[in-house]
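A short write-up of the structure that comes next.
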Amino acid sequence: EVLRAAENALVMAPLVWRFDSLVKEKGDVINIPNLSNLTASVKSANTQVTLQAPTESNTSISINNHYESSFLVEDLLKVQSSYDLIGNYTKKAGESIARRIDTDLLGTYTSFTNTDVGTYGVDVTDAVILSAIEAIDLANAPMDDRAFVIYPTQKTALLKLDKFVKADFVGQYDQATKVVTGPNSRYMWGDIYGVPTYYTKQVTQTAATPTQTHNVLFHKEAIALALQQAPRTQSSYILEYLGNLVVIDAIYGYTATRPTYGIEVRS
């Protein structure tokens with residue numbers, strides 16, 4: 001139940017580069033080799049090939065994040081309540097861990113090296129989206145496995161644009177909006193120019209005047225996650241408190257792996 005609740009609450013984790021299997025048993029650091037592009041050389045008759053010797057570096061993921069969510073249900077409350085308090089709060093605790101993971105992943109926008117697009121305090125526009133897509137196109141990011149993750153207010157802003165909702169623009173007279181049928185996430189809104197678009201309140205916001213919202217458009221290889229320990233549940237009866245203690249915790253690491261494959265879309 002906890003794992004299902006946590007998975008349902010995750011937006012970012014299924015969209016990024018995953019290295020869970022490398023740390024399932026042991027280890028606290030993953031080193032990912034950065035592979036350079038090679039070039040094609042002219043081959044002349046009776047000459048040797050042109051050897052290339054690129055100097056490579058590593059990107060490291062430190063498995064140094066350990067978060068927990070815990071609560072105590074005392075006997076008095078458990079006896080007098082008609083609800084399954086432990087079961088319901090356990091799922092909520094799992095969701096809180098999932099939100100923490102998503103928040104961390106969305107915070108990696110600060111490592112993206114493309115020039116940000118959009119303006120803080122101003123809703124995202126069609127032109128801004130096209131500029132963001134162009135930026136990662138120029139970085140040679142593959143078209144598949146891209147995602148656009150926006151704050152919920154920006155979903156509302158996009159729904160106000162005729163281009164994305166009116167049938168004479170969209171070309172689907174039996175479907176009023178760009179919502180995709182049968183999304184693979186409860187937070188998936190639709191797709192824009194072939195890029196699946198998700199919304200979540202975990203998108204980073206910075207307190208300022210105006211509030212700075214850091215939406216992100218990225219390819220999955222822009223961000224890496226290594227979930228060493230998926231949210232687990234442990235519980236015990238604490239005699240001193242006459243109640244059941246429940247603790248949910250998870251261990252993971254994350255980093256930006258290909259910073260040219262992502263871009264911040266300001267609003």
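Positions are given from 1, in the same order as the sequence printed here. What you see is a predicted model; the values in this text were computed from it and never measured.
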Heavy-atom closest contact (F112 atom, E264 atom, distance): CD1-N, 4.1 Å
Considering all heavy atoms, the nearest H219-A141 contact: CB-CB, 4.1 Å
side-chain hydrogen bond (donor to acceptor under 3.5 Å, both in side chains) contacts in which one or both residues fall within residues 11-21, not counting sequence neighbours: R18-D20
Separation between CZ of R146 and CG of D137, rounded to the nearest 0.5 Å: 4.5 Å
pair I61-L22: side-chain heavy atoms closer than 4.5 Å: no
Inter-residue atom distance S41.OG - Q52.CD, 0.5 Å rounding: 5.0 Å
Passing option when T200 is tested against V11, T103, I150 for side chain to side chain contact (heavy atoms under 4.5 Å, CB included): V11
Separation between CD1 of I133 and OH of Y193, rounded to the nearest 0.5 Å: 7.0 Å
Under the salt bridge (charged side-chain N to carboxylate O under 4.0 Å, His left out) test, residues paired with D102 that sit two or more places apart: none
Closest contact, heavy atoms only, N215 versus S267: ND2-OG, 2.9 Å
Minimum heavy-atom distance between P210 and G121, given as atom pair plus value: CG-CA, 3.6 Å
Ring-ring centroid check Y120 H214, cutoff 6.0 Å: yes
Over 12 foreign heavy atoms within 6.0 Å of CG, D126: yes
By salt bridge (charged side-chain N to carboxylate O under 4.0 Å, His left out) - contacts of D145 (at least two apart): none
Check: L158 and W189 side chains under 4.5 Å, non-hydrogen atoms: yes
Contact check, side chains of T233 and V246, non-hydrogen atoms, under 4.5 Å: yes
Check: I263 and V117 side chains under 4.5 Å, non-hydrogen atoms: yes
Side-chain heavy-atom pair M188, Y198 within 4.5 angstrom cut-off: yes
Residue pair A226 / I63: nearest heavy atoms and the distance that separates them: CB-CD1, 3.6 Å
Verdict with supporting geometry, Y261 and I136, side-chain contact (heavy atoms from CB on, under 4.5 Å): CA-CA 6 Å; Y261 278 20; I136 62 173; 5.6 Å; no
S235 and N244: CA distance, side-chain angles, deciding distance, side-chain contact (heavy atoms from CB on, under 4.5 Å) verdict: CA-CA 7 Å; S235 64; N244 286 94; 5.7 Å; no
Between CG on residue D123 and NZ on residue K155, distance to nearest 0.5 Å: 14.0 Å
Heavy-atom check, side chain of Q154 versus side chain of V203, under 4.5 Å: no
Point-to-point distance, once rounded to the nearest 0.5 Å, from CG of N65 to CD1 of I251: 10.0 Å
Any side-chain heavy-atom pair of I101 and D104 under 4.5 Å: no
Single-linkage hydrophobic cluster, 4.5 Å side-chain cutoff, L130 and V122 together: no
Within-4.5 Å side-chain heavy-atom neighbours: L15 and F218: yes
Nearest heavy atoms of T197 and V195, plus distance in Å: OG1-O, 3.1 Å
Pairwise distance CD1(I192) to CD1(I129) - rounded to 0.5 angstrom: 4.0 Å
